[in-house]
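Below is one structure, written out as structure tokens; the observations come after it.
In what follows, every heavy atom counts, from backbone to side chain, and hydrogens, waters and symmetry copies are set aside. Throughout, a chain's letter reflects where its sequence line sits, starting with A, and its residues are numbered from 1.
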There are 2 protein chains.
Amino acid sequence: MNKSFHPLEQAVDRIEERFPGVPRQQVILTRLYFHILPRLTGYLNDGMKEYGLNESLWMSLLAMYACPHQSLYPSDISDTLDSSRTNATRIVDELVRHGWATRIPCAADRRKIGLELTQQGLELVESLLPVSRANYRALWSDFDPEEMQLMEKMMRKLLARLGG
Amino acid sequence: MNKSFHPLEQAVDRIEERFPGVPRQQVILTRLYFHILPRLTGYLNDGMKEYGLNESLWMSLLAMYACPHQSLYPSDISDTLDSSRTNATRIVDELVRHGWATRIPCAADRRKIGLELTQQGLELVESLLPVSRANYRALWSDFDPEEMQLMEKMMRKLLARLGG
DNA sequence: GCATTTTAGTAACATACGTTACTATTTTTC
DNA sequence: GAAAAATAGTAACGTATGTTACTAAAATGC
């Protein structure tokens with residue numbers, strides 16, 4: 001979406017006129033959060049889409065890359081990426097379909113299926129890591145280290161409030 | 001989702017060991033943003049669901065309430081709520097189905113369909129405004145006014161970077 | 001050691017939203 | 001004033017994810 005935030009701010013102010021008592025700062029902050037989100041998602045996905053990836057697939061590849069033998073379980077993807085086990089299965093399906101990962105039954109526990117990065121997946125990850133990092137740096141390039149630390153502190157405080 | 005953010009932080013650190021050069025602060029901030037989101041959405045929707053609402057329907061009702069004669073056009077909902085015109089149509093369908101709003105063809109412009117809050121919708125909005133406001137206040141209750149202003153400033157800076 | 005509970009992964013169903021394409025209508029351009 | 005462009009709203013198709021339910025397997029409790 002490339003719509004402005006302004007119409008919403010105006011609506012908030014008109015509601016204040018109509019039914020006073022709007023906690024304007026709190027409402028604006030919350031709505032800004034949602035306003036930023038599709039743009040942030042779009043920004044991250046844009047950097048990935050030419051490789052047939054989106055941010056979820058990419059983060060899953062990284063989660064695998066971060067493990068010994070580039071291997072983990074779908075439930076680890078679920079835990080690490082904060083997604084449902086169902087969605088982890090979908091992501092795994094996609095990674096396997098592209099040839100970036102391969103499923104391996106776990107001998108020690110037949111409920112589990114190991115997932116291992118293939119050579120192709122490893123090469124993709126290592127060739128794209130610099131690109132991804134540049135994108136993350138660019139995203140926050142208007143912030144100095146103190147601001148980023150402060151932002152993190154406040155986001156963690158919000159997260160704590162929300163039970164995370 | 002009630003998963004911890006910790007597994008992701010650990011993954012980020014293991015990637016640093018494996019392939020140094022991670023912009024940790026930037027990655028953590030970005031991933032925190034996504035980690036908070038389902039919790040924030042859940043928090044806002046929880047407060048609404050007993051009335052058969054979610055946050056989108058609620059915000060649309062407010063957008064209507066904010067207008068003269070509690071009336072606007074679906075494209076105004078699209079603009080105010082930063083959503084597609086298709087989604088605005090869905091939201092309107094839902095509001096009409098519940099009896100909270102009614103569609104009215106526009107005599108001056110036959111492309112447009114006016115949407116007006118019904119008496120039932122008006123009563124719902126005015127009865128729920130205090131509840132919604134209390135939820136927004138509670139959400140940010142750990143923040144003092146200076147922190148909220150700083151958070152807003154930084155979020156707007158991020159938004160500007162993302163082209164909003 | 002057996003019953004109960006929990007975990008792992010997936011199928012079926014559900015929610016929420018965007019994109020593309022379309023028709024009808026209005027606005028703009030020349 | 002007519003052609004071209006833009007807007008409004010919706011249909012069809014697509015993306016992404018969660019919830020509920022299920023089976024199989026492992027862990028726990030007694």
What is the separation between atom CZ on Arg39(A) and atom P on dC17(C), rounded to the nearest whole Å? 15 Å
Length of the NZ-P vector between Lys49(A) and dG14(D), whole Å: 17 Å
Could you label the plane-to-plane angle of the Trp100(A) and His98(A) rings as parallel, tilted or perpendicular, counting under 30° as parallel and over 60° as perpendicular? parallel
Between the side chains of Arg137(A) and Gln25(B), is a donor N or O closer than 3.5 angstrom to an acceptor N or O? no
Whole-Å distance between dA8(D) P and Ile104(B) CD1? 18 Å
Residue met sooner reading DNA chain D from 5', once Ala107(A) and Ser56(A) are mapped to nucleotides: Ser56(A)
How far apart are the closest heavy atoms of Ala63(B) and Thr80(B), and which atoms are they? CB-CG2, 4.3 Å
Are OP1 or OP2 of dT19(C) and a side-chain N or O of Ser84(B) less than 4.0 angstrom apart? no
Whole-Å gap separating P (dA16(D)) and CG (Asn45(A)): 7 Å
Salt-bridge criterion met for Arg31(B) and Glu152(A) (N-O under 4.0 Å): no
Can we say Glu9(A) and Arg24(A) salt-bridge, meaning some charged N sits less than 4.0 Å from an Asp/Glu carboxylate O? yes
Quick check: is Phe19(A) connected to Val12(A) through a chain of hydrophobic side chains (ILVMFWY, heavy atoms under 4.5 Å apart)? yes
A correct 5'-to-3' footprint of nucleotides 5-12 of chain C, with B, S and - meaning base, sugar-phosphate only and no protein heavy atom under 4.0 Å, is --BBBBBB
Figure out the CD1/P separation between Ile77(B) and dA16(C), and round it to whole Å. 16 Å
Can you tell me how far P of dA16(C) sits from CE of Met48(B), to the nearest Å? 14 Å
Give the rounded distance in Å between these two atoms: CZ of Phe34(B) and P of dT17(D). 10 Å
Reckon Asn54(B) has a side-chain N or O less than 4.0 Å from the OP1 or OP2 of dT15(C)? no
Between dC17(C) (P) and Met59(B) (CE): distance, integer Å: 12 Å
When clusters are formed by joining ILVMFWY residues with side-chain heavy atoms under 4.5 Å apart, either directly or through shared neighbours, do Ile113(A) and Leu57(A) land in the same one? no
Using only side-chain N and O atoms of Arg110(B), determine if any of them is under 4.0 Å from OP1 or OP2 of dT25(C). yes
